[in-house]
Amino acid sequence: MKRQRIDALALDSYQRAARVMLANHLVTRVYPDRIALPLIRRWATELREDLAELFGYRLEVTETTARLYPVHDRLDDARPARSVNDRVFDRRRYAYLSLALAALGRAGDQITLSELAEHVADYASRIEGLDLSTERAADRDAFVDAVGWLGARGALTLADGDAGGWASDPEAGEALYDIDRPVVFALFRPPRALQHLHSVRGLLAEDTDEAPADQARRVRRALVERPVVYLDELPPAEAALLGQDRLIGEVEYCTGLRAERRAEGVSLIDSSGRLSDTRFPGTGTLAQVALLLIGEIADTVLDIDNPVPRRPGALTPDDTLLAHLDASIPTAGVFAPLAEELETSAPATAFIDDDEGIEPVTYPFLDGAWVRTTVTALTDRYGATFAAQWQADAGGLTTEVLALLTKLRLIRPVEDGLLVLPALARYRGAVVTVRVRKAEELFVTAADTDGSTGAGGV
């Protein structure tokens, strides 16, 4: 990494460009915003060299797109695709998105929404268990979400009409889109031909290379891709690298983020949420209830008079997600002769506590009943200040809050409860200020609402 090339006065600009590229992987004229692509193009030479050297990532920058080709060491389902309305993509939306990309690759410069739907429906009919019927509202909504995802990234630009009108009534509504072909082709660039893969493991980096440079790249990738990197989840050689000041300093210099180092591991502190796409602590009911629950968990775990049980638990992901994805691969589309050569036979990861002769790491355990009771108690106490959708849905609130804490790697769900991970202690002293709503909201004065008489609420 050639730090001396970057002037100190321009360092912040370079680091912003690095964060944008690491967070988005694809930058276009409109995505994630209109100032991102000029910023990336300014630092294209430095970013191309540094991202390759530090992380093993390849960066391609053209006049209209910047595409980062990351190296994935493991699967992570914590950052799903979301619609423009922040709806999490399900399997059907992912399938429609993939088929829409295939259709756009063969289309001209413009396409109507109904024409694109016909192509996707035709492709879907050839896949067992998948179809697209424009007579079903759920299918139309899922399809429009996939099209909206492409539109947000600049692959499609609305030229006329309204997708929402088509989704409501395809007989009355219609939309016409301009196709940006360079963006379409930049989006679909798998590292290997998918027809040659029996298993999704083929898209992951091989973990057989023990060269020190490759081990260091894996550690740096973990730092920018995971909210927290625990020493217990790394092989001994990589755990030793995580303790090196030089390696941590290189990542800090590239991203402009500060690393917090503790006995259990290292975390890049991204208070803006622009690199990790999750700002925490943050505003909103889920983030605030998560912080309240962290306080309750910390008090319970630290109560020396009533010690909680401890359980072993691996921090590396199991093979469940891999198995589910592999089970969904259409076997008829696999070109077997070449697939055999590229197949990865060994698992990408292994459970630490399965290794013989190694004392399993244990974590405080809280059962599911305790979690539900605690969230219900928080709802009873502060529910009047929650967003309306959560006030009468303590079960849904519990699920979403636990999902947030899991994504941040502060807890790990197990079958009958959760394991408390060390990084949770970072927030145990956080103070949550809950706004007390006025009894007669219709008569609240300006002084009551401008923040001068109270703090921000949940």
Side-chain angles (χ1 to χ4, degrees), residues 1 15-27 32 47 50-59 66-82 189-191 200-201 203-207 209 213-235 238-239 241-244 247-262 264-280 314-318 321-322 325 348-349 403-412 421-423 426:
M1 187 176 185
Q15 292 170 336
R16 280 192 290 116
R19 291 197 298 270
V20 167
M21 209 64 254
L22 288 169
N24 298 284
H25 295 182
L26 173 68
V27 173
L47 287 175
D50 291 344
L51 294 177
E53 180 182 340
L54 293 178
F55 307 107
Y57 294 167
R58 181 166 59 89
L59 175 65
R67 184 70 163 95
L68 184 68
Y69 298 93
V71 178
H72 296 290
D73 296 298
R74 65 178 192 173
L75 292 182
D76 184 359
D77 59 355
R79 299 175 65 177
R82 294 178 181 273
R189 294 285 294 277
V200 73
R201 295 182 197 280
L203 297 176
L204 302 178
E206 297 181 3
D207 59 353
D209 197 337
D214 292 308
Q215 291 175 336
R217 290 191 184 98
R218 283 200 290 271
V219 175
R220 296 191 197 99
R221 289 198 292 265
L223 280 170
V224 296
E225 292 171 358
R226 306 176 199 173
V228 184
V229 183
Y230 292 105
L231 289 170
D232 294 335
E233 64 182 326
L234 299 178
E238 295 179 17
L241 289 171
L242 188 63
Q244 291 185 358
L247 186 144
I248 301 296
E250 289 170 340
V251 178
E252 287 181 322
Y253 184 85
C254 178
T255 62
L257 302 180
R258 182 177 60 83
E260 186 169 286
R261 306 172 67 173
R262 298 195 177 206
E264 299 86 358
V266 180
S267 175
L268 281 184
I269 305 303
D270 178 26
S271 57
S272 68
R274 291 171 182 165
L275 180 63
S276 64
D277 83 2
T278 301
R279 184 176 183 176
F280 190 82
L315 295 177
T316 49
D318 58 26
L321 182 58
L322 284 167
L325 289 173
T349 57
L404 175 60
L405 296 179
T406 303
K407 180 180 180 180
L408 296 168
R409 310 199 77 200
L410 303 180
I411 64 168
R412 183 175 185 224
L421 302 185
R426 183 174 190 272

Test item: Y69 side-chain N/O and P190 main-chain N/O as donor-acceptor pair under 3.5 Å: no
CG (L204) and CG (L322) are apart, to the nearest 0.5 Å, by 6.5 Å
Who passes side-chain hydrogen bond (donor to acceptor under 3.5 Å, both in side chains) against T406, sequence neighbours left out? none
Check side-chain contact (heavy atoms from CB on, under 4.5 Å) between A222 and all other residues, then give those that pass, not counting sequence neighbours. R226, V229
Spacing of CG belonging to L421 relative to CD1 belonging to I411, to within rounding of 0.5 Å: 8.0 Å
What pairs with F55 under ring pair (Phe, Tyr, Trp, His ring centres under 6.0 Å), at least two apart in sequence or on another chain? Y57
From L231 atom CG to R261 atom CZ, the distance as rounded to the nearest 0.5 Å: 10.0 Å
pair L242-L223: side-chain heavy atoms closer than 4.5 Å: yes
Sequence neighbours left out, what passes salt bridge (charged side-chain N to carboxylate O under 4.0 Å, His left out) with E238? Give chain and number order. R218
May I ask you to test the P70-H25 pair for a side-chain heavy-atom distance under 4.5 Å? yes
Set of residues satisfying side-chain contact (heavy atoms from CB on, under 4.5 Å) with respect to R279, sequence neighbours excluded: none
Distance in Å, R74 CZ paired with R201 CZ, rounded so as to fall on 0.5 Å steps: 14.0 Å
Contact summary for P227 and S267, nearest pair of heavy atoms: O-OG, 2.7 Å
Atom OG1 in T278, atom CG in L404: separation rounded to 0.5 Å? 6.5 Å
Check the pair R409, E233 against salt bridge (Lys or Arg N to Asp or Glu O under 4.0 Å), reporting the backbone distance first and the verdict last. CA-CA 12 Å; R409 310 199 77 200; E233 64 182 326; 2.9 Å; yes
Any heavy-atom pair between the side chains of D232 and E264 that's under 4.5 Å? no
Among all residues two or more places apart in sequence or in another chain, which pass the side-chain contact (heavy atoms from CB on, under 4.5 Å) test with T255? R19, L22, V224, V251, L257, L268
Taking the side chain as everything from C-beta on, heavy atoms only, tell me whether L26 gets closer than 4.5 Å to R189. no
What one should report as the nearest heavy-atom pair of D73 and A205 is OD1-CB, 3.7 Å
For L54, is there any backbone N or O sitting under 3.5 Å from a side-chain donor or acceptor partner on R220? yes
R262: side-chain hydrogen bond (donor to acceptor under 3.5 Å, both in side chains) partners, not counting sequence neighbours: E260
What pairs with R258 under salt bridge (charged side-chain N to carboxylate O under 4.0 Å, His left out), at least two apart in sequence or on another chain? none
So which heavy atom on G56 is nearest to which on V71, and how close? O-CG2, 3.4 Å
Rounded to the nearest 0.5 Å, how far does NE2 of H72 lie from CD of E225? 7.0 Å
By side-chain hydrogen bond (donor to acceptor under 3.5 Å, both in side chains), which residues pair with R16, not counting sequence neighbours? D12
How would you list, by chain and number, every residue that makes a side-chain contact (heavy atoms from CB on, under 4.5 Å) with A66, sequence neighbours excluded? M21, V27, L37, I40, V61
